[in-house]
Number of protein chains: 2
Amino acid sequence: MAQNTIPTSQKKSMTEPPLKVGELASRTGLSVRALHHYDEIGVLKPSLRTQSGHRLYNQSDVERLQQVQSLRLMGIPLEEVRQLLDGAGMSPPEVIALHIAKLHEHIALQNRLAERLQGLAMHLDTVETASIDDLCQIIQVTTAMEKYFTAEQLEVLRDRRSSITEEHMHEVRDSWNEIIPKVRNAMAANVDPASPEIQAIAKRWKALVEEFTGGDRKIAQAVMTMYQNEGPRLQEQLGEVPTPEMFVYMGKAFAAPK
Amino acid sequence: MAQNTIPTSQKKSMTEPPLKVGELASRTGLSVRALHHYDEIGVLKPSLRTQSGHRLYNQSDVERLQQVQSLRLMGIPLEEVRQLLDGAGMSPPEVIALHIAKLHEHIALQNRLAERLQGLAMHLDTVETASIDDLCQIIQVTTAMEKYFTAEQLEVLRDRRSSITEEHMHEVRDSWNEIIPKVRNAMAANVDPASPEIQAIAKRWKALVEEFTGGDRKIAQAVMTMYQNEGPRLQEQLGEVPTPEMFVYMGKAFAAPK
DNA sequence: CTAAACCCTCACGTAACGTGAGGTGCAATA
DNA sequence: TATTGCACCTCACGTTACGTGAGGGTTTAG
């Protein structure tokens with residue numbers, strides 16, 4: 001074979017002059033400040049300085065910087081970049097694997113947050129209220145619900161909610177606010193659950209519950225658990241809420257012979 | 001209707017005593033330091049202090065804190081929380097909408113990063129190298145490729161790569177490293193592309209290209225564009241790489257009559 | 001030889017607190 | 001009553017990866 005000609009531009013052997021920081025910055029797309037920073041924290045210390053203190057980056061510095069940029073592109077923090085390039089800390093595959101895990105965790109969190117925000121935006125569309133109080137109320141109630149219902153149940157409830165009018169929602173609220181005090185008073189007065197007036201109330205109660213749960217036993221159970229645990233907090237937001245004792249009392253009313 | 005009985009525990013009218021910071025912290029699950037911070041930045045300034053300077057939070061402070069917590073749960077930064085609760089800045093729906101947009105943007109970025117990391121992890125599995133140099137090389141080549149190939153093309157290439165052995169990949173690299181200098185020398189010596197020795201080389205060249213592109217014209221085109229723009233950078237990582245002039249020369253060789 | 005361009009070293013700001021350090025207030029106990 | 005111990009106070013630095021000046025030397029082109 002013949003003698004090797006020059007590949008493209010220069011050979012490695014013809015030592016290129018060291019770069020000043022501004023030059024290196026514009027070649028790599030980094031800022032001068034970033035290079036100063038890398039110097040400070042030990043990620044990339046230029047191997048030369050001029051007598052007056054100007055940084056000079058030679059070929060191996062430039063190569064190291066390319067590696068730094070590669071690793072940063074993968075989202076690896078500077079401190080770990082430094083450890084990797086210095087051969088300390090963990091092995092590359094370990095670092096990558098751990099970062100994938102962390103990233104997935106982070107993404108999962110963000111996705112859950114995005115779902116919550118989407119749901120919230122839907123509510124805001126239907127309710128068309130601009131008050132922060134209302135906004136926070138919706139947030140509190142929905143976050144409380146997320147603790148007691150599964151994702152599928154929540155979806156069912158969202159669908160049902162979006163299919164009814166805002167006016168009807170107010171009617172439902174008003175109904176509860178009318179019925180619950182009556183029940184409380186009846187309980188305080190030891191009224192027989194089988195009595196006609198309680199039976200009338202029980203009928204309305206059952207209808208309201210049916211409408212909300214859609215007849216789903218699991219949802220009804222979750223609602224009761226939620227009111228049991230979050231009663232006071234929900235009361236602040238919603239107005240009148242049923243207590244576990246009321247559920248028991250109403251249970252007797254439902255079981256009473258007609 | 002009869003007189004209202006007491007709902008659950010207390011009535012709002014019986015003013016509850018203001019809370020000290022530690023008490024409020026333990027009730028809300030926040031840290032004392034966080035409450036200090038909220039005070040500092042004006043998100044929640046307690047409306048009372050004792051003579052000695054101890055913070056006292058009254059009922060309305062507590063309610064405001066609940067709102068703060070709700071908004072923070074939705075990922076809204078403290079400064080915007082403050083503006084919302086103080087009625088300054090944007091309206092709640094605007095804030096929510098903007099945050100949804102920001103969040104989706106962020107999630108998209110994270111997802112792209114996750115994909116890159118997954119691909120990288122795959123490479124690391126097949127190549128089983130633990131050196132940072134190799135790691136960075138893979139990163140650089142794959143990120144360069146992402147600029148020139150579409151997502152589908154990249155997937156095709158990934159599949160093809162994972163279906164061959166590491167040994168074969170080395171063979172391919174070696175073939176290029178043997179052929180390219182020969183072509184360069186032939187070009188420098190003005191050898192006729194139709195000459196037998198160049199025709200022999202052209203045959204091997206074509207086979208190598210075919211294997212990589214799978215016969216896909218688009219991929220072949222993207223490869224040439226990539227080498228044209230990223231030539232020097234890739235050369236540092238891969239060794240010998242073809243130049244546009246070589247593609248022209250080889251084109252003549254392919255077109256030459258046999 | 002001078003002015004522009006480039007370089008240097010501080011040093012503060014970012015988001016949302018964690019983590020002391022060093023000192024005061026307050027209720028209960030010895 | 002004196003002392004203990006706990007809760008509270010105000011600084012103030014650390015975290016991430018730089019951005020953005022301030023104030024002052026150096027190099028280079030005209």
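Labels below follow one simple rule: chain letters A, B, ... track the order of the sequence lines, proteins then strands, and each chain is numbered from 1.
Nearest heavy-atom pair across A/Glu240 and A/Trp176 is CB-O, 4.4 Å.
Per the geometry, CD belonging to A/Glu23 stands 16 Å off P belonging to C/dA5, to the nearest Å. The CG atom of B/Leu71 sits 12 Å away from the P atom of C/dA16 (whole-angstrom rounding). Distance, B/Leu65 CG to C/dA16 P: 15 Å, rounded to whole Å. One atom, CG of A/Leu48, and another, P of C/dC8, lie 13 Å apart when rounded to the nearest Å. If you measure from atom CD of B/Glu80 to atom P of C/dA15, you get 10 Å, rounded to the nearest angstrom. Summarising the geometry, the separation between NE2 on B/His37 and C1' on D/dT15 is reported as 13 Å, rounded to the nearest angstrom. Here D/dG21 presents its P atom at 16 Å from NE2 of A/His36, a figure rounded to the nearest Å. For the pair B/Leu24 CG and D/dA7 C1', the interatomic distance rounds to 14 Å; values are reported in whole Å.
Of the two residues contacting DNA chain D, namely B/Glu40 and A/Arg72, the nearest-nucleotide position lying further toward the 5' end is that of B/Glu40. Mapping A/Leu30 and A/Lys20 onto DNA chain D via the closest heavy atom, the residue that lands nearer the 5' end is A/Leu30. Of the residues near DNA chain C, B/Thr50 and A/Leu56, the one whose nearest nucleotide (by heavy atom distance) lies more toward the 5' end is A/Leu56.
The side chain of A/Ser52 lies closest to D/dT27, out of C/dC7, D/dT27, C/dC17. For A/Arg49, the listed nucleotide lying nearest its side chain is C/dC8; candidates were C/dC8, D/dC9, C/dA11. Comparing D/dC13, C/dC26, D/dC18 by their closest approach to the side chain of B/Arg33 singles out D/dC13. Counting only heavy atoms from C-beta on, A/His54 has its side chain closest to D/dT26 among D/dT26, C/dC17, C/dT9.
Contact annotation: A/Tyr38 side-chain N/O to D/dC18 OP1/OP2 distance is under 4.0 Å.
Between the side chains of B/Glu79 and B/Gln83, at least one donor N or O lies within less than 3.5 Å of an accepting N or O.
Salt bridge A/Arg33/A/Glu40: present, at least one basic N to carboxylate O contact under 4.0 Å.
Residue B/Ser31 is classed as a sugar-phosphate contact, given heavy-atom separations below 4.0 Å to backbone atoms only.
Between the B/Arg160 side chain and the B/Phe212 main chain, a donor and an acceptor come within less than 3.5 Å of each other.
Considering A/Leu30, A/Thr28, A/Ile76, A/Val43 in turn, A/Val43 is the only one that fulfils the side chain to side chain contact (heavy atoms under 4.5 Å, CB included) rule with A/Val68.
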